[in-house]
Every structure is written in structure tokens, then in C-alpha cells.
Amino acid sequence: MKVLVINAGSSSLKYQFFNMSNESVLASGNVERIGMDSSIVTHYPVDKPEVREVSEILDHVTAVKRVAEMLTHPEFGTITHLNEIDAVGHRVVHGGEAFSSSVLVTQAVKDEIRRLFDLAPLHNPAHMMGITAVETTLPDVPQVVVFDTAFHQTMPNTSYLYPIPTVLYRRHKVRRYGFHGTSHSYVSDQAAEFLQKPLESLKMITCHIGNGASLAAILDGKSLDTSMGMTPLEGLMMGTRSGDLDPAIVPYVMNKEELTLSEVNSMLNKHSGMLAVSGISSDMREVTEAMNEGDKNAKLAFDMYTYRVKKYIGAYAAAMNGLDTLVFTAGVGENSVVFRQAVCEGISFLGVELDHARNAERRKDAREISTEGSRVKVLVVPTNEELLIARDTYRIVNQVKLQ
Ligand code: ADP
């Protein structure tokens with residue numbers, strides 16, 4: 001079975017095409033600047049040179065058609081006919097309380113995703129355009145949706161409720177949902193497999209640290225708590241997002257600076273975090289480089305960033321009454337040696353002991369970076385959200401065929 005995985009944004013569409021018999025990627029690519037001048041399609045077929053095309057792509061239907069043409073192109077395609085695409089899996093950011101696992105797309109599922117537009121106004125409408133575009137271009141192909149929030153639906157109400165008037169939860173569903181669930185789920189499974197232990201037997205913290213960043217406390221194989229909240233703004237300090245702050249700062253700053261709701265929203269989401277504190281960049285590589293050259297603000301940004309991760313690890317260890325596995329993943333978590341060192345330093349009381357030589361190794365596979373004697377196993381596990389989406393899609397479509 002061959003599965004196409006799509007991550008549709010408002011003006012972009014990323015894709016990966018899998019052969020599920022061996023879970024290999026046959027091709028991948030992205031369409032950028034949908035609806036703008038000079039849209040760009042970049043297609044990476046495995047074992048063939050990449051193809052880059054500039055054309056006018058006004059909507060998602062045209063974008064999916066271009067992807068289909070790329071996949072079946074006589075020269076750089078990987079299949080000869082569209083009927084070789086057996087299923088399509090979509091990433092959907094918000095599944096609200098309605099979805100605690102991936103599901104086959106039906107009319108009822110689409111209606112529910114539409115009802116959730118309010119909770120993820122930048123993401124869910126774009127995902128919906130992707131789903132509709134596939135319906136138009138590949139009308140007979142079953143589609144599955146995989147939600148970023150689904151993995152965290154196991155959180156108890158002590159984790160997901162905010163201490164504000166409960167009417168806000170009842171009326172408007174104001175609660176913690178959490179995000180990066182696909183990644184937390186994938187790396188926690190991989191970590192358990194690496195350790196050759198059942199996930200249910202582990203007290204695990206997974207740290208997904210990329211441009212966006214979140215931690216999850218995983219107990220009995222289930223998400224007990226996670227640092228992102230109703231939106232992906234809460235929790236850790238991120239590339240351009242503030243993460244946790246005193247909520248009273250928002251009205252105070254709005255008043256002092258005469259900011260509108262949309263301006264303050266943009267300040268907290270796009271102009272805060274590492275970018276604001278370093279004054280240099282939201283990118284960990286650039287901040288680390290500046291810090292190594294002696295830039296004080298870059299050092300402060302790095303120190304605040306790592307300090308906040310460390311605080312959450314302590315909090316989640318307390319929430320689980322213990323910790324035996326700590327996992328790093330995503331751009332920063334997988335690649336930054338100094339980041340992992342700064343986070344793990346000074347938490348030996350929890351049983352975390354980093355092996356500096358192992359931590360410094362540059363490898364692409366799942367690996368242990370703690371010392372032999374470390375009570376907590378510290379692992380680096382590369383995330384692969386697309387593969388998890390492909391696996392869920394494959395499983396669900398096969399189940400439906402068997403019914
Ligand atoms: P996104 O959340 O957009 O998927 P990624 O998971 O790709 O983000 O992570 C992007 C972050 O990873 C950037 O801050 C980048 O600097 C960092 N990063 C990527 N490679 C390295 C590296 N070799 N060393 C340090 N940081 C890195």
C-alpha cells in the first residue's frame with residue numbers, strides 16, 4: 001500500500017509519499033506561496049534529482065493536482081498512475097475534545113473539524129482546504145486525519161482545566177489541549193522500543209524542542225500533562241513565542257503601549273521568546289554562535305531557554321512521582337549538544353547523569369546519552385511525524401477494508 005501524507009498550511013502544502021510495505025519514502029516535497037505570485041513547487045523523488053518549478057498556483061486544489069502530476073510524471077515521478085495512491089493522511093492541528101485518536105474522514109468528521117475552526121483559526125481551515133482538495137483530485141481515495149492534540153486527550157481534568165470560572169470551559173471549551181502529540185507519541189514509542197521495555201512501565205518525559213517547543217509527562221503509556229495549553233503559546237520559551245508569563249502582563253502592556261488584541265497576540269507569538277531576549281534570532285544555531293562569540297544577550301536567551309526546560313522537567317518528575325526516561329527530539333533537541341548539556345546539568349538529584357562523550361556524538365539514529373550508572377535513561381530520538389501519520393492512515397484504511 002502507498003500512502004500520501006499531507007500537511008496543508010494556509011499558503012503552503014508539504015507532502016511525503018510512503019511505500020508502506022517497507023515504510024520507505026518514495027518522494028517528498030512542498031508547494032509554497034499558494035495564492036500568491038510565483039508559487040514554488042519543490043519535489044524530491046528518492047534516487048532522482050530534485051525538481052523545482054515556479055508557476056501560478058491559486059488554490060489548494062491546484063496545489064494537490066500539481067503534487068499528483070509530480071508523483072506520476074514520466075521522468076521524475078515515482079508511480080505510473082494515480083490509482084497507485086491507496087490512501088491520504090492529513091496532519092490536523094486541533095481535534096478539540098472530539099478526537100482522541102486518528103480517524104477516517106467522513107462528512108461528520110469534516111463537520112467537527114469545521115466546528116473547531118475557532119480554536120485553531122490559522123491551522124484547521126487550511127487543513128480542511130487540503131482535505132477538500134484531495135477529494136476533488138483523488139475522489140476515490142480514502143483519507144485519514146491525524147490530530148496534534150489527540151495524544152493528550154488522556155490528560156486528567158487536574159491537568160487540563162484552568163483555574164478560571166468553569167462556565168468558560170462549558171461555554172467555550174477553554175482548557176489545555178496540548179500539541180505536538182504526534183511527535184510525543186512517536187518518540188515515546190520509539191524510546192520504549194529502544195529500551196526494550198513496555199511504554200506502560202516507564203515514567204517518561206519527552207522534550208520536543210524545535211521552533212515550537214513542548215514537554216509531555218507520560219505515565220502508564222499515556223500523556224499525563226503537557227506544557228502547551230489551549231494554544232501553542234503556553235509553556236516553554238520558544239523561538240519567537242513567550243511561553244508562560246503572568247497573564248496580568250497582557251492587559252497592563254496593552255494599556256501602556258496602546259496595543260490592540262491582534263497586536264498583543266502577534267507580540268507574544270511572533271516577537272517574543274529567544275528572538276526578543278537575544279535581539280539576534282529565533283534560531284538556536286545563530287543564538288549559540290553569538291553566545292560563543294561573547295554576546296551577553298544571546299547568553300541570557302540561551303540560559304533562560306534552558307532554565308525553563310529544566311524547571312518543567314522538575315515539575316513533571318514531581319507530577320509522576322519519579323522519572324526513569326528523559327527523551328530529546330526535534331531540531332534543537334536532536335541536534336544541540338550544548339542545549340542538552342545545559343538542561344541536564346544540575347539535575348543529578350533526579351538521577352540524570354549525562355555522558356558528555358555520548359552527548360557530543362553527531363548521529364541520526366535513536367541513542368542513549370546518559371552514563372551507564374545514570375538512574376534516568378536520557379535518550380535522543382529523532383522524531384518522524386509524517387511516518388506516524390502514514391502508519392495510522394495505513395492501519396485505519398486496512399481496518400475499514402476488513403469490515
Ligand atoms: P519546527 O518547529 O519548525 O519543526 P525544527 O524542529 O526544525 O522546527 O527545529 C528548528 C530549530 O532547530 C531551530 O532553532 C534550529 O536552530 C535548531 N537546529 C537545527 N539544527 C541544529 C543544530 N545542528 N544545532 C543546533 N540547533 C539546531
Side-chain angles (χ1 to χ4, degrees), residues 5-16 28 30 32 44 91-93 120 122-123 126-127 146 148-149 178-187 190 206-216 226-228 231-243 269-293 295 297-299 301-306 308-309 327-344 359-367 369 380-389:
V5 171
I6 289 184
N7 183 354
S10 57
S11 65
S12 69
L13 188 145
K14 292 187 202 145
Y15 60 94
Q16 269 192 32
S28 62
N30 53 67
E32 294 162 89
Y44 306 94
R91 174 196 181 211
V92 175
V93 163
L122 300 178
H123 293 100
H127 303 321
V146 179
D148 281 16
T149 49
F179 298 87
H180 293 143
T182 316
S183 180
H184 290 295
S185 166
Y186 179 80
V187 299
Q190 293 292 112
T206 46
C207 311
H208 177 111
I209 316 288
N211 284 316
S214 67
L215 258 66
T226 189
S227 58
M228 282 180 168
T231 77
L233 182 58
E234 193 181 344
L236 301 170
M237 170 173 162
M238 306 180 212
T240 62
R241 289 174 231 163
S242 63
N269 278 289
K270 296 186 182 151
H271 307 286
S272 295
M274 201 143 60
L275 173 66
V277 180
S278 71
I280 292 169
S281 171
S282 61
D283 193 294
M284 179 55 98
R285 277 166 296 199
E286 289 172 27
V287 171
T288 314
E289 228 175 87
M291 176 173 80
N292 292 340
E293 285 162 9
D295 189 289
N297 293 332
K299 167 100 171 81
F302 180 85
D303 288 348
M304 284 170 64
Y305 189 91
T306 49
R308 286 176 168 231
V309 176
V327 184
F328 289 104
T329 194
V332 176
E334 288 169 35
N335 296 300
S336 178
V337 174
V338 285
F339 163 80
R340 292 191 302 254
Q341 186 179 326
V343 168
C344 291
N359 183 39
E361 271 180 54
R362 301 227 170 251
R363 280 167 46 186
K364 287 280 165 214
D365 52 345
R367 61 199 183 276
I369 57 169
V380 176
V381 178
T383 193
N384 192 341
E385 290 157 276
E386 292 77 11
L387 178 57
L388 190 142
I389 295 172

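Read the numbers this way: they start at 1 and go in the same order the structure lists the ligands and their atoms. This is a predicted model, so every value here is computed, not measured.
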Could you tell me, atom by atom, which parts of ligand 1 come under 4.0 Å of a heavy atom of G212? 2 (O)
Counting from 1, what ligand 1 atoms have a heavy atom of A330 closer than 4.0 Å? 6 (O)
Taking distance alone, with N or O pairs closer than 3.5 Å, would you say R285 contacts ligand 1? yes
For [atom], what's the nearest protein heavy atom and its distance?
atom	answer
atom 23 (N) of ligand 1	N335 CB, 3.4 Å
atom 18 (N) of ligand 1	G331 O, 3.6 Å
atom 16 (O) of ligand 1	D283 OD1, 2.4 Å
atom 11 (C) of ligand 1	V332 CG2, 3.8 Å
atom 14 (O) of ligand 1	M284 N, 3.0 Å

Tell me the side chain to side chain donor-acceptor pair (under 3.5 Å) pairs involving residues 273-287, sequence neighbours left out? S281-E286, D283-R285
May I have the step-by-step check of side-chain contact (heavy atoms from CB on, under 4.5 Å) for L122 and S10, ending in yes or no? CA-CA 7 Å; L122 300 178; S10 57; over 6 Å; no
Compare every heavy atom of [Y] with every heavy atom of [X], then report the nearest pair and how far apart it is.
X	Y	result
I369	F328	CD1-CD1, 4.5 Å
M228	A213	CE-O, 3.4 Å
D148	T182	OD1-OG1, 3.8 Å

Proximity flag G239 to ligand 1, non-hydrogen atoms under 4.0 Å: no
Options N211, T383, I209, ranked by nearest heavy atom to atom 8 (O) of ligand 1, top entry: N211
Using distance alone, with no hydrogens and no angle criterion, decide if T226 and H180 have a side-chain donor and acceptor under 3.5 Å apart. no
Give me the one residue out of T383, V380, I209 that meets side chain to side chain contact (heavy atoms under 4.5 Å, CB included) with T329. T383
Which residues pass the side chain to side chain contact (heavy atoms under 4.5 Å, CB included) test with V338, sequence neighbours left out? T288, F302, S336
Any non-hydrogen protein atom below 4.0 Å of atom 4 (O) of ligand 1? no
